[in-house]
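Throughout, numbering of the chain's residues begins at 1 and tracks the sequence.
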Amino acid sequence: MQSQQPNPRAEVVFSSDVKNMDDWGRRTRIPLTTAEALGVTYARAHRWLQNLRSQLIHEHNWTDAPVSDPRMLFSLETSSIWRSSVGLPAGPKLKLQLPVHASSFFSPERRVQWQMVFHSDIFESVRKICPPINDILNLVQCLLTGVVTLVFEERLPQGIYRTIRGLPPVLWVNINEQALTNVFGTSHFKALRRACNDTATAFKLEVIPHAQ
């Protein structure tokens, strides 16, 4: 009798590997620019990110977390969405942080910190019921394509199939056209929308053969 495989699910994966970003740049036909240029674009998105922070506080029960690190754009926390049998939070508080400077995502000393943020239940579960979290994920995918991806892994007889989404859905891009244009400019926005609208560009497939 064949054992039943667990239902596959999409997982958010953080990677600060510049070669990975470069690969996505070639795939999307939006070449990887300089660190300075990435930083300028990320800085232009600060207002949008702060607006999403405000939505989380006023509409989704998040609060500002005590933080003394001036390198953080914001640091928020909320109780776990899971509850015990008596209705108490079944887990530690969730903590969401984003840096002031995009370069922080590539600092070896802070790699584990960003893995803890993006690999947490915030992006595993909360984003599915909390639009501002999903907006943050989609915006970071546009700003730093390849740094945060959605990975759908499936075990098949031929091996492990990993479908990786590096860009947000084109519907989200169209809804946020004005805000994205303000951040990226018209020509970059058009290239971004074209890439998001092409499944072969926004997604990539990796097949890992089973070990013999």
Side-chain angles (χ1 to χ4, degrees), residues 12-57 62 64-65 67-76 95-120 122-123 127 132-150 164-169 172-173 175-196 201-202 204:
V12 175
V13 175
F14 170 82
S15 170
S16 56
D17 185 352
V18 176
K19 289 181 180 179
N20 186 50
M21 285 188 73
D22 190 42
D23 176 56
W24 278 101
R26 290 193 300 271
R27 172 175 288 275
T28 59
R29 298 182 181 84
I30 304 174
L32 185 62
T33 56
T34 64
E36 184 180 359
L38 287 173
V40 169
T41 307
Y42 182 81
R44 283 200 213 107
H46 277 192
R47 182 181 296 182
W48 189 351
L49 291 168
Q50 289 287 15
N51 181 261
L52 293 171
R53 166 193 166 274
S54 181
Q55 289 180 43
L56 288 169
I57 290 173
W62 289 73
D64 282 312
V67 62
S68 58
D69 191 342
R71 293 174 292 185
M72 291 300 107
L73 181 64
F74 60 73
S75 183
L76 300 175
K95 295 188 178 181
L96 172 65
Q97 293 180 310
L98 285 179
V100 172
H101 303 293
S103 58
S104 178
F105 288 122
F106 305 99
S107 169
E109 294 78 16
R110 301 179 84 85
R111 179 175 58 85
V112 173
Q113 176 183 3
W114 300 123
Q115 286 177 336
M116 289 177 67
V117 169
F118 288 105
H119 296 177
S120 73
I122 298 170
F123 289 94
R127 69 176 175 85
I133 296 295
N134 199 51
D135 286 343
I136 289 171
L137 173 64
N138 289 339
L139 181 53
V140 172
Q141 284 196 321
C142 292
L143 291 165
L144 302 162
T145 305
V147 170
V148 180
T149 56
L150 266 175
I164 304 168
R165 196 193 88 190
L167 288 171
W172 182 88
V173 171
I175 290 171
N176 294 282
E177 177 175 356
Q178 187 57 60
L180 287 166
T181 302
N182 290 343
V183 171
F184 292 104
T186 303
S187 63
H188 187 115
F189 169 78
K190 288 181 178 178
L192 182 64
R193 178 161 60 186
R194 187 165 53 248
C196 292
T201 299
K204 69 176 179 178

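Rounded to the nearest 0.5 angstrom, S15 OG and W114 CH2 are separated by 15.0 Å. Rounding to the nearest 0.5 angstrom, the gap separating the CH2 atom in W62 from the CG atom in L76 is 6.5 Å. Rounding to the nearest 0.5 angstrom, the gap separating the CZ atom in R44 from the CG atom in L49 is 13.5 Å. The distance from atom CG of L192 to atom CD of Q141, rounded to the nearest 0.5 Å, is 10.5 Å. Here the straight-line distance linking atom CG of N51 with atom NE2 of H46 works out to 14.0 Å at 0.5 Å rounding. Here the straight-line distance linking atom CG of D22 with atom CZ of R27 works out to 12.5 Å at 0.5 Å rounding.
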With side-chain hydrogen bond (donor to acceptor under 3.5 Å, both in side chains) as the test, would you mind laying out the steps for T34 and E36 before giving the verdict? CA-CA 5 Å; T34 64; E36 184 180 359; 5.2 Å; no
side-chain contact (heavy atoms from CB on, under 4.5 Å) between V13 and V148, worked out: CA-CA 6 Å; V13 175; V148 180; over 6 Å; no
Take T145 and I30, measure what side-chain contact (heavy atoms from CB on, under 4.5 Å) needs, and give me the verdict at the end. CA-CA 9 Å; T145 305; I30 304 174; over 6 Å; no
Given the rule in the side-chain hydrogen bond (donor to acceptor under 3.5 Å, both in side chains) test, do N134 and W172 qualify, once you have shown the distances and angles that lead to the verdict? CA-CA 10 Å; N134 199 51; W172 182 88; over 6 Å; no
With side-chain contact (heavy atoms from CB on, under 4.5 Å) as the criterion, how do L96 and F123 come out once you've worked through the C-alpha distance, each side chain's angles and the decisive distance to 0.1 Å? CA-CA 10 Å; L96 172 65; F123 289 94; 4.0 Å; yes
Would T201 and W24 satisfy side-chain contact (heavy atoms from CB on, under 4.5 Å), going step by step from the backbone distance to the final call? CA-CA 9 Å; T201 299; W24 278 101; over 6 Å; no
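Within a 6.0 Å radius of NZ in K204, more than 12 heavy atoms belonging to other residues, nucleotides or ligands are found. No more than 12 heavy atoms of other residues, nucleotides or ligands lie within 6.0 Å of CE in M116, so this atom counts as exposed by the packing criterion.
Taking each heavy atom of N20 and G146 in turn, the nearest pair found is ND2-O, 2.8 Å. A pairwise comparison of heavy atoms in M21 and L32 identifies CE-CD1, 3.6 Å as the closest pair. Minimum heavy-atom separation, D64 to R53: OD2-NH2, 2.8 Å. Contact detail for N138 and R165: the closest heavy-atom pair is OD1-NH2, 3.3 Å. Residues V100 and P70 share a closest heavy-atom pair of CG2-O, 3.6 Å. For the pair A102 and G39, the tightest heavy-atom approach, listed with the atom from each and the gap, is CB-CA, 4.3 Å.
For R71, the salt bridge (charged side-chain N to carboxylate O under 4.0 Å, His left out) partners two or more places apart in sequence, or in a different chain, are D69. Here F189 pairs with nothing under the ring-ring contact (aromatic ring centres under 6.0 Å, His included) rule; sequence neighbours left out. Judged as a side chain to side chain donor-acceptor pair (under 3.5 Å), and not counting sequence neighbours, S16 has no contacts.
Remark: the Q50 side chain and the R47 side chain contain no N/O donor-acceptor pair separated by less than 3.5 Å. W48 and N182 share no side-chain donor-acceptor pair at under 3.5 Å.
Contact annotation: the side chain of P99 approaches that of Y42 to within less than 4.5 Å [non-hydrogen atoms, C-beta and beyond]. At a threshold of 4.5 Å between non-hydrogen side-chain atoms, the residues F74 and Q97 do not count as touching. Using a 4.5 Å cut-off on side-chain heavy atoms (C-beta onward), D17 and V147 make no contact. The shortest distance between side-chain heavy atoms of P168 and C196 falls below 4.5 Å. You'll find the side chain of V12 reaches within 4.5 Å of the side chain of L150, heavy atoms only. Side-chain contact between L139 and N176 is absent, with no heavy-atom pair separated by less than 4.5 Å.
A salt bridge does not link K19 to D23: none of the charged side-chain nitrogens sits closer than 4.0 Å to a carboxylate oxygen.
Between H101 and F105, the ring centre distance reaches or exceeds 6.0 Å.
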